[in-house]
K.L.:
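Mind looking over this structure? Questions follow.
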Amino acid sequence: MTNTVAIGIQWGDEGKGKIVDLLAPKMDVVARFQGGPNAGHTLVIGDKTTVLNHIPSGILHADTLSLIGNGTVVDPFRLVEEMDMLLAAAVPVSERLRISDRCQLILPYHRALDAAREAAKGKARIGTTGRGIGPCYEDKTARRGIRLVDLTCEDLDARLDENLRYVNFMLTEFLNSRPVSREEVTEALDLARERLLPLAADVTLILHRHIKAGDRILFEGAQGSMLDVDHGTYPFVTSSNTVAGAALAGLGVGPGHVDEVLGICKAYTTRVGAGPFPTELYNAEGMCDAENSGKHMAERGHEFGATTGRPRRTGWFDAVVVQHAVRINGVTGLAITKIDVLDGLAEVKLCVGYEKDGKHLESIPADCNALETCTPVYETLPGWSENTFGATSLDQLPDSARALLRRIEEVCECPVTMLSTGPDRDHIIHL
Ligand code: GDP
Ligand code: IMO
Ligand code: MG
């Protein structure tokens with residue numbers, strides 16, 4: 001038995017979709033445990049690109065069951081769209097997918113609240129994906145959320161009336177926004193009833209049957225550790241726990257069922273949305289370093305959000321972030337992606353510590369403002385001019401690229417077990 005949690009350990013978009021799709025043929029089950037349509041996981045197989053928001057990245061494999069766990073939030077419109085996209089590509093999604101009847105539904109008023117709150121915040125906005133994630137998790141915690149199973153409950157109408165009264169008061173009185181109609185909500189619920197309820201199941205029970213049979217499970221995270229609501233750059237985070245531990249609560253399994261934690265990170269760093277980013281070099285607001293290294297990463301790495309299309313901010317690999325992630329997740333191996341994007345840079349830097357007010361910081365400060373004003377301490381390594389794109393063995397890499405990997409392993413105190421050299425499923429080196 002080797003059950004693996006695969007998670008992002010930076011600020012999201014580390015290449016989780018690619019790595020999970022690659023590992024999926026060895027897995028009997030791939031299960032998502034948190035997040036929702038804020039995620040955008042890209043799978044590239046030959047000339048075909050698939051972007052998944054809710055559906056686990058193992059869905060393209062015939063012998064792998066895909067599960068959406070109780071810890072997730074599901075938007076009926078978007079999930080049905082995603083299912084239809086797969087059906088159009090001849091993927092028998094109804095046979096391969098089950099959705100927890102306990103998962104929370106994102107309803108039109110969650111999206112309206114998300115948008116209105118961001119607009120009201122102005123310059124202080126978080127830069128959310130606008131998918132209603134925060135308001136939906138808020139309702140879950142406040143115990144007024146509507147779950148998939150609640151579509152069959154008798155008191156649904158009364159609960160919705162109550163929710164709409166509250167939401168529309170907030171929207172119109174506090175947020176200077178238009179109210180959400182009952183019809184908009186009914187449309188979402190009807191769609192969920194028609195297309196999602198037939199796939200609803202006790203996902204925890206299904207998972208445990210597979211565990212009992214000795215099957216292999218892959219727990220697929222969304223977002224990244226620095227976006228975790230407890231351990232990330234609060235308040236510039238998402239509204240769920242994104243760490244490996246969330247796999248347990250988000251699916252209903254005990255800690256003894258996890259054998260490995262694969263921490264996925266880029267060979268540099270990106271972030272989309274607002275919030276501190278100590279090693280940032282380049283962004284759409286005009287920030288640019290003298291050597292244009294950040295621009296090189298953005299352009300060569302095609303750094304645009306898979307969900308929103310927004311340009312991503314780019315910067316050097318931050319080992320303080322990865323050390324933090326190794327600790328809070330119990331990472332047993334690193335999967336480094338996009339090493340090919342660094343091809344052609346004369347020098348490559350690693351941030352190995354922060355300084356603040358003349359003092360060395362050992363870990364990430366809890367206060368966002370303190371993190372914002374930290375100065376990164378860099379180690380500079382030689383870059384390389386060779387092409388690593390698509391390499392499939394370590395001996396195809398230049399010495400400098402190998403030296404970078406060794407240094408990452410030393411500084412982060414964690415072995416690199418996979419190295420991704422391009423977007424395609426086949427662009428991989430197993431170490
Ligand atoms: P996720 O959210 O973690 O699944 O990552 P995204 O799909 O949002 O973003 C990762 C992007 O990088 C996608 O466009 C991938 O196709 C691409 N990608 C993944 N691994 C590599 C790699 O090793 N090299 C290059 N050049 N692109 C990669
Ligand atoms: P994947 O799974 C990158 C970011 C948003 C914003 C913050 C809060 O593809 O890695 P939210 O809509 O969740 O309330 O937004 O979190 N964010 C992501 N950034 N990748 C993601 O998912 C993200 N999901 C949310 O940009 O800064
Ligand atoms: Mg993504």
Side-chain angles (χ1 to χ4, degrees), residues 6-22 32 34-45 48-54 56-57 72-73 75 106 110-111 113-115 117-118 125-138 220-229 232-240 242 264-277 297 299-313 335-343 387-391 418-429:
I7 43 160
I9 57 170
Q10 294 162 320
W11 277 279
D13 301 329
E14 297 90 347
K16 297 175 289 294
K18 180 216 157 124
I19 298 293
V20 171
D21 164 68
L22 177 72
R32 275 277 305 269
Q34 47 70 231
N38 47 349
H41 296 180
T42 314
L43 282 45
V44 179
I45 296 105
K48 182 131 184 52
T49 297
T50 307
V51 178
L52 299 169
N53 302 125
H54 303 83
S57 300
T72 64
V73 287
D75 182 329
I106 301 176
H110 294 127
R111 286 197 307 273
L113 274 175
D114 196 356
R117 284 203 187 123
E118 284 283 274
R125 68 183 171 273
I126 292 168
T128 72
T129 58
R131 299 286 155 92
I133 305 295
C136 185
Y137 275 117
E138 209 177 301
E220 177 182 3
Q223 291 79 56
S225 299
M226 293 304 284
L227 290 169
D228 182 278
V229 69
T233 46
Y234 191 88
F236 298 97
V237 292
T238 190
S239 297
S240 67
T242 61
I264 304 167
C265 55
K266 286 175 183 164
Y268 49 101
T269 311
T270 65
R271 172 164 205 173
V272 58
F277 178 0
M297 294 166 194
E299 286 177 356
R300 210 180 148 103
H302 306 289
E303 293 298 353
F304 293 92
T307 299
T308 57
R310 291 180 292 173
R312 295 177 184 143
R313 302 153 68 192
I336 307 262
T337 61
K338 303 191 104 165
I339 185 102
D340 55 293
V341 172
L342 301 181
D343 293 357
N387 190 8
T388 66
F389 184 84
M418 293 172 85
L419 180 67
S420 173
T421 58
D424 199 275
R425 196 187 262 173
D426 298 332
H427 298 156
I428 196 76
I429 302 176

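All ligand and atom numbering here is 1-based and tracks the order in the structure.
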K.L.:
If you have a sec, work out which protein heavy atom is nearest atom 20 (N) of ligand 2 and how many Å separate them, to one decimal?
P.N.:
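So the nearest neighbour among protein heavy atoms is D13 OD1, 3.1 Å.
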K.L.:
What atoms of ligand 1 come closer than 4.0 angstrom to any heavy atom of H41?
P.N.:
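The atoms of ligand 1 under 4.0 Å from a heavy atom of H41 are 1 (P), 2 (O), 4 (O), 7 (O).
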K.L.:
If you have a sec, work out which protein heavy atom is nearest atom 15 (O) of ligand 2 and how many Å separate them, to one decimal?
P.N.:
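That would be T128 CA, 3.4 Å.
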K.L.:
When you measure from the heavy atoms of R271 to every atom of ligand 2, does any distance fall below 4.0 Å?
P.N.:
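No, R271 has no heavy atom closer than 4.0 Å to ligand 2.
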K.L.:
Scan T242, D228, I7 and name whichever one has a side chain to side chain contact (heavy atoms under 4.5 Å, CB included) with Q34.
P.N.:
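Going through T242, D228, I7 one by one, the side chain to side chain contact (heavy atoms under 4.5 Å, CB included) with Q34 is satisfied by T242 alone.
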K.L.:
Which is the closest N/O/S atom of D13 when seen from the Mg ion (ligand 3)?
P.N.:
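Nearest to the Mg ion (ligand 3) within D13's N, O and S set: OD1.
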K.L.:
Give the atoms of ligand 1, by number and element, whose distance to some non-hydrogen atom of G15 is under 4.0 Å.
P.N.:
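Per the distance check, 1 (P), 3 (O), 4 (O), 5 (O).
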K.L.:
Is it the case that the side chains of T129 and R131 hold a donor-acceptor pair, with the cut-off being a distance below 3.5 Å and no angle test?
P.N.:
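Distance-only check fails for R131 and T129.
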K.L.:
Give the residue, atom name and distance (to 0.1 Å) of the protein heavy atom nearest atom 13 (O) of ligand 2.
P.N.:
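Answer, as residue, atom name and distance: T238 OG1, 2.6 Å.
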K.L.:
Could you tell me which atoms of ligand 1, counted from 1 in the order shown, lie closer than 4.0 angstrom to a heavy atom of G17?
P.N.:
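Every atom of ligand 1 under 4.0 Å from some heavy atom of G17: 4 (O).
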K.L.:
At under 4.0 Å between heavy atoms, which part of R312 makes contact with ligand 1: side chain, backbone, both or neither?
P.N.:
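Looking at R312 and ligand 1, just side chain atoms fall under 4.0 Å.
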K.L.:
What protein heavy atom lies closest to atom 17 (N) of ligand 2? Include the residue and the distance to one decimal.
P.N.:
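Heavy-atom neighbour on the protein nearest atom 17 (N) of ligand 2: L227 CD1, 3.7 Å.
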K.L.:
So for G127, does at least one of its heavy atoms come nearer than 4.0 angstrom to any atom of ligand 2?
P.N.:
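Under 4.0 Å: yes for G127.
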K.L.:
G8 near ligand 2, heavy-atom distance under 4.0 Å?
P.N.:
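Distance cut 4.0 Å: G8 fails for ligand 2.
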K.L.:
Which residue and atom name correspond to the protein heavy atom nearest atom 12 (O) of ligand 2, and how close is it?
P.N.:
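Going atom by atom, the protein heavy atom closest to atom 12 (O) of ligand 2 ends up being T129 OG1, 2.6 Å.
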K.L.:
Taking only heavy atoms of G40, which atoms of ligand 1 are found under 4.0 Å from at least one of them?
P.N.:
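Checking each atom against G40, I get 1 (P), 2 (O), 4 (O), 6 (P), 7 (O), 8 (O).
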K.L.:
Check each heavy atom of T42 against ligand 1 and say whether those closer than 4.0 Å belong to the side chain, the backbone, both or neither.
P.N.:
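Both of them.
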